[in-house]
There are 2 protein chains.
Amino acid sequence: MPARIAKPNARSKLLDAALSMIRAKGYCATTVDELCAAAGVTKGAFFHHFRNKDELGVAAAGHWSEMTGALFAAAPYHNHADPLDRVLGYVAFRKALLHGGVPDFTCLVGTMVQETYETAPAIRDACDRSISTHARTLEADIGAAMRDRDMSADWTPETLALHIQAVLQGAFILAKAKGGAQVAADSLDHLSRYLTLLFGAGGATPNP
Amino acid sequence: MPARIAKPNARSKLLDAALSMIRAKGYCATTVDELCAAAGVTKGAFFHHFRNKDELGVAAAGHWSEMTGALFAAAPYHNHADPLDRVLGYVAFRKALLHGGVPDFTCLVGTMVQETYETAPAIRDACDRSISTHARTLEADIGAAMRDRDMSADWTPETLALHIQAVLQGAFILAKAKGGAQVAADSLDHLSRYLTLLFGAGGATPNP
DNA sequence: GATCACATACCGACCAGTTGGTATTGTTGA
DNA sequence: TCAACAATACCAACTGGTCGGTATGTGATC
């Protein structure tokens with residue numbers, strides 16, 4: 001299949017509008033009518049592209065994964081030679097993204113899964129896929145950093161990658177509660193400190 | 001004021017029902033009708049005790065703070081002599097609470113604030129108060145642990161206490177996405193490891 | 001001329017909130 | 001002690017508006 005070029009058709013307009021609206025108001029409070037109005041399309045167009053609202057939720061999670069996947073794939077932290085620096089660079093990159101309004105830097109799928117994990121399994125699965133796939137992009141670097149240091153640990157690259165995601169998601173919640181990014185940035189600083197201690201305090205320095 | 005004995009009146013029945021229902025389905029998807037049915041009261045009773053649905057949200061956050069406040073105040077981790085052990089004991093206590101279904105161990109206010117932070121400032125403030133007040137119960141022990149070790153840090157007890165809350169909230173999100181508590185427990189293990197490294201790797205042992 | 005990509009108009013269900021009432025509890029003063 | 005009154009607690013039925021979803025129409029494109 002050739003990559004579908006993103007014409008500004010009704011579907012992609014709806015998905016783009018969904019990303020910001022759901023992040024701001026949540027999934028349930030985002031009504032189909034409002035979404036259509038924001039996207040500048042009619043309700044008929046909505047139900048032409050999505051069988052129901054839940055299907056939009058699933059598609060929005062997929063769209064989110066595509067957008068963020070491209071963003072992180074192109075980010076400069078991959079250029080570090082030391083894999084630990086790449087992991088730390090990832091966290092620094094996430095911290096650098098913490099600007100603008102709270103709805104602008106928070107995570108769509110983290111927001112959506114809270115509302116739907118019990119009531120809409122398809123959306124929950126889509127959110128899980130988004131988070132887990134993204135976390136998996138960190139595992140190779142974490143594993144390499146462990147091997148560089150001959151670390152034997154009672155944790156795995158997978159659990160650390162997911163822990164990093166947990167800190168990010170939790171930082172977003174606190175940012176929403178406090179109405180600003182500062183508390184999230186502070187939390188990411190603690191996360192960086194953890195990673196530094198974890199890989200540095202083992203005693204061994206990275207192999208040359 | 002004497003402590004108001006919790007007679008099973010309509011108000012407290014509604015609040016109790018709200019805690020579990022909002023945790024399971026979210027704030028928006030929890031309808032007043034359903035809530036009344038679950039609480040076994042009529043809609044008239046609801047609007048007698050709460051001017052509108054948002055006022056219930058605020059009251060639910062307050063009710064949540066009271067319930068959890070009592071739970072943590074009575075928890076055994078306060079008995080440790082070393083303040084660091086009390087902080088680690090807190091995390092272990094949180095980990096021990098991770099059983100039963102996902103809606104049973106997740107946090108009401110963390111769920112609610114995601115949906116309401118932009119649309120219902122009163123609820124957002126109530127959720128912030130709940131989280132921040134709870135975090136503050138850790139600050140004294142964190143500060144004491146720092147003093148014991150003559151630590152000079154570029155972070156404060158407040159940011160670490162909030163970071164602990166962020167990890168918890170994020171762990172809940174991952175648990176919802178994955179449909180189980182294991183991922184949350186793993187994240188709390190990383191948090192414990194961070195605290196141990198942070199206070200242990202400074203070099204100094206606690207003062208006798 | 002058939003399909004696609006939308007638009008218009010509409011529907012029944014359900015939503016938060018209201019109304020107008022009754023039962024229960026508390027207060028007060030003779 | 002208790003009648004008279006007042007406030008509280010609760011109930012059943014209803015309402016206007018909004019919700020997700022549908023039925024049908026229409027112009028462009030293959």
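A quick note: this is a predicted structure, and the numbers were derived from the prediction, not measured. Below, chains carry the letters A, B, ... as their sequence lines are ordered, and counting in each starts from 1.
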For this session: Would you mind building the protein contact string for nucleotides 16-23 of chain D? One character per nucleotide, 5' to 3', B for base within reach (heavy atoms under 4.0 Å), S for sugar-phosphate only, - for untouched.
Result: ---SBBB-
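- Rounded to an integer number of Å, the gap from CZ of B/F50 to P of C/dT18 is 15 Å.
- Dashed line: the shortest gap from a side-chain N or O of B/H48 to OP1 or OP2 of D/dC10 is not under 4.0 Å.
- Closest approach of B/T30 to B/L35, counting heavy atoms only: CG2-CD1, 4.2 Å.
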For this session: Step by step, work out the side chain to side chain contact (heavy atoms under 4.5 Å, CB included) result for A/I173 and A/Q114.
Result: CA-CA 11 Å; A/I173 291 191; A/Q114 290 243 39; 3.4 Å; yes
Just the table, please: protein N/O against nucleotides 25-29 of chain D N/O, every pair under 3.5 Å.
none

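- Atom CD in B/E55 sits about 10 Å away from atom P in C/dG17, given to the nearest Å.
- The side-chain hydrogen bond (donor to acceptor under 3.5 Å, both in side chains) contacts involving residues 65-78 of chain B comprise B/S65-B/S130, where partners must be two or more places apart or lie in separate chains.
- A/K53 contributes atom NZ, which lies 5.5 Å from atom SG of A/C28 (distance to the nearest 0.5 angstrom).
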Problem set entry | CA sep, side-chain torsions, deciding dist, call: B/E115, A/Y27, side chain to side chain contact (heavy atoms under 4.5 Å, CB included) | CA-CA 8 Å; B/E115 291 180 72; A/Y27 174 75; over 6 Å; no
For this session: Under the side-chain hydrogen bond (donor to acceptor under 3.5 Å, both in side chains) rule, what do A/T111 and A/K176 come out as? Steps first, then yes or no, please.
Result: CA-CA 11 Å; A/T111 302; A/K176 286 171 181 174; 2.9 Å; yes
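- The shortest non-hydrogen separation linking A/A61 to A/V109 is CB-CG1, 4.0 Å.
- In summary, the side chains of B/Y90 and B/R94 do present a donor paired with an acceptor at a separation below 3.5 Å, with no hydrogens or angles considered.
- In this structure, B/R11 places its CZ atom 14 Å from P of D/dT8, rounding to the nearest Å.
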